[in-house]
2 protein chains.
Amino acid sequence: MEAAGPTSSPRLPADDATGRRPRAASILDVAAAAGVSYQTVSRVINDHPSVRPTTRELVLAAIEELGFRPNRAARVLRGAPARLVTVLTSNTSLYGYQAALQGIEEAARAAGFAVGVRVVDSALQQQVTAAVKRAIEPGGSLIVIAHDQTGAMALEAVPPGIPMAAMIETPAVDPGPERPWVWLDDKKAAAEATRYLLSLGHRTVHYLAIPSSTQTSQRQAGWRQALEEAGAPVPAPVQCGWTPRSGYQTGQGLAADPEVTAVLCGNDDLALGVMRALHAAGLSIPGDVSVVGFDDTPVSEFLTPPLTTVRLDFAGLGRSCFALLLALIEQKEARPPHTRRPEPELVIRESSGPPSLPRGSGMTRAAAT
Amino acid sequence: MEAAGPTSSPRLPADDATGRRPRAASILDVAAAAGVSYQTVSRVINDHPSVRPTTRELVLAAIEELGFRPNRAARVLRGAPARLVTVLTSNTSLYGYQAALQGIEEAARAAGFAVGVRVVDSALQQQVTAAVKRAIEPGGSLIVIAHDQTGAMALEAVPPGIPMAAMIETPAVDPGPERPWVWLDDKKAAAEATRYLLSLGHRTVHYLAIPSSTQTSQRQAGWRQALEEAGAPVPAPVQCGWTPRSGYQTGQGLAADPEVTAVLCGNDDLALGVMRALHAAGLSIPGDVSVVGFDDTPVSEFLTPPLTTVRLDFAGLGRSCFALLLALIEQKEARPPHTRRPEPELVIRESSGPPSLPRGSGMTRAAAT
DNA sequence: CGCCTTGATGTGAACGTTCACAATCCTGGC
DNA sequence: GCCAGGATTGTGAACGTTCACATCAAGGCG
């Protein structure tokens, strides 16, 4: 690390004798070196068919020697697509967002696209609109992560005509293939998780909601539907934030309510906070209360107890989303590829189990009816 | 979400009647609308002093009306700095990297810079060098996150002359202010955490190392130094990966070794895995083994038990790093601002406590001298 | 009153690339 | 040996911006 090595000069913009950064080699420099016209060089770097093989070799050698790389700005100025995707998101640290970004980056890199990130953190439509406008570059494209209110507003604010795809919350009705939108079907998954908890013998399941761009998310709708189909009582869903702290605060309330024996949390961070609060209140998991999360973050498997959760492949969704965008840009068939949607999957671990009624009776404390 | 709203057309690149995207307004359009020359418009958007106030108003009105925004590509082509920073990193999901990226993004956004992300995932110098070359845009700048081998290779591969700053591992000796490098001094923090554990009465502290770009990281050196100064035995450090799984696997070995009563982990994810393994082996934390991590990730406070850890402000470091880069680019005084380094801080929670010798004697099993 | 300075504005050129079109070179058929 | 016609190569222009320089009006000053 501390070896001075070959790069011993301080990294300052001005570098050579003239005090100017040495201009990068251009197509003209290559042309001169190869003894051809600049247009021939252009043809070579664009794989135009009618270049004599010997000429091509000549040019390629010159390119190699001069370390030539085409100037992206010039291409874009000329009207070429910039092979750039800017990700619009309200957050970069929450698991779902971060994993989505990772998936997009992977796919974009594989396709030779540059990736930009622009965080939009306002809740005011006007400011969001302005931020979206700033994010639009000539020749560029957009992916909007619209898992929340701000994201949905950003999606709304994207003007027509610019290549775009979006990751959205599960919609109530399929918007149809002409909308460049992808999502994970978490309604089904929420229902499955709820049915699973009911099947363990719980009388009902309480739901902790993460913020949503809609009044009631499909995640919540799936939960409700499963309860109703089973004839179980439907408790009021509890509105929470995204963070473990939010789950912790909510969990303190749940701990005091002996009716609560099973909790479905809108994400794993909430579940983590809930488990902490329950544990601190002297309740055992899953002995007294079962806790199920959403996401399957990398840590969930190693919590105490390991968390039962619905795995959501946000990285895969990000890759799909980019694939959709790419198809749109390249317009192969004018029909979006309708990429496979990664299926959510319930991962059963140790934070869920049969109830021991009345709660608290089990191994922890004496019953109190 | 599903409201068709004002944007009812499918988002396809071709949009208006001609099938071409409508060209964005240029400086010439604005000039025509305002009845001045294009150069005057250029002067207005660049805050050139000698424009008559009335003229300026005229131009600004035209800009507003046409929704004009200067074409970045054209400016860059002309030689202007692109106000673009590309973050080179080997990872986007690990906490330290992700928090650093977040900090950089915040600072960059505040300064009106666009942010690019480029993941370099090879361990081969040649491939890393090629990736770095590809990441360099005329007029652009670079931030290298060099917390690991790949990052250090990338840093090495950045040619002189392009504006760059880097986040590095704590160096053994201060490289001096002319290196545009920032870091968190985790040597001191590691020593502090180690002394803290010794002060609780532990005979020694075991260290689980995350991968490093150097043979022995300063984090590890701080641990060793604290042990030596206290005259405590120095166990062989255990090389681990980054993930909870890696910590879990290592933790299984530690659980079997009755000598181990205090473990210092290179990051919180390792600590999490270790705690899981110890717990699974029937050991109590901190009763049998104390566990201390590094990072203070958002979940650490809510683990069972809450994790004692060294808080590292990667987001703050990212902001500092960008500030350094910006100073370099703007060359105010040719002296880097020597931004304040966020200080690591030991956060004592419940995963650490006095030992109960011999291990397992305390409340868990019978003593055996 | 005319010269010089200063402020305000306009014109030409250049950044690096690709498109449209023109020019040149072959190759083969007759 | 000549010419059609494809293959190959070259020239001019344009993308949107800013720098360098020219122009023009107005004002200060001797």
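Proteins come first, then strands; the chains are lettered A, B, ... in the order of their sequence lines, and each starts at number 1.
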Nearest listed nucleotide, side chain of Leu28(A), among dT17(D), dT17(C), dT8(D): dT17(C)
Nearest-nucleotide 5' precedence on DNA chain C, Asn46(A) against Arg52(A): Asn46(A)
End-to-end axis angle, where each axis spans five pairs of the helix from dC1(C)-dG30(D) to dC30(C)-dG1(D), to 10°: 60°
Side-chain donor or acceptor of Ser320(A) paired with backbone N/O of Gly316(A) under 3.5 Å: yes
Separation of dC15(C) P from Asp29(A) CG (nearest whole Å): 10 Å
Nearest to side-chain heavy atoms of Tyr38(B), which nucleotide of dC19(C), dT18(C), dT18(D): dT18(D)
Interatomic distance, Gln39(A) CD vs dA20(C) P [rounded to whole Å]: 11 Å
Atom pair CH2/SG of Trp181(A) and Cys321(A) - distance to nearest 0.5 Å: 12.0 Å
Protein-nucleotide distance (Arg56(B), atom CZ; dA8(C), atom P), rounded to Å: 10 Å
Phe314(B) ring center near Tyr97(B) ring center (under 6.0 Å): no
Test item: side-chain donor near acceptor, Asp148(B) and Ser213(B), under 3.5 Å: no
Passing option when Val144(B) is tested against Ile168(B), Val87(B), Val158(B), Val120(B) for side chain to side chain contact (heavy atoms under 4.5 Å, CB included): Val158(B)
Heavy-atom side-chain contact between Ile27(A) and Ser42(A) under 4.5 Å: yes
Thr55(A) side chain near dT9(D) phosphate (N/O to OP1/OP2, under 4.0 Å): yes
Proximal nucleotide (of dT9(C), dT9(D), dT17(D)) relative to the Ser26(B) side chain: dT17(D)
Strand-adjacent residues in residues 66-79 of chain B, judged by heavy atoms under 4.0 Å from DNA chain C: Leu77(B), Arg78(B)
Rounded interatomic separation in angstrom, taking CZ from Arg43(B) and P from dT17(D): 15 Å
Pairs flagged by side chain to side chain donor-acceptor pair (under 3.5 Å) wherever residues 64-81 of chain B is involved - sequence neighbours left out: Glu137(A)-Arg72(B)
Presence of Ser42(A) side-chain N/O under 4.0 Å of dT17(C) phosphate oxygens OP1/OP2: no
Asp29(A) side, atom CG; Leu66(A) side, atom CG - distance, nearest 0.5 Å: 6.5 Å
Pair of N/O donor and acceptor under 3.5 Å linking dG16(C) base with Arg23(A) side chain: no
Nearest-Å distance for atom pair CD1/C1', residues Ile27(B) and dG10(C): 13 Å
Under 4.0 angstrom between Ser50(B) side-chain N/O and dT6(C) OP1 or OP2: no
dG10(C) OP1/OP2 closer than 4.0 Å to side-chain N/O of Ser37(B): yes
Thr150(A) side chain vs Ser122(A) backbone, donor-acceptor pair below 3.5 Å: yes
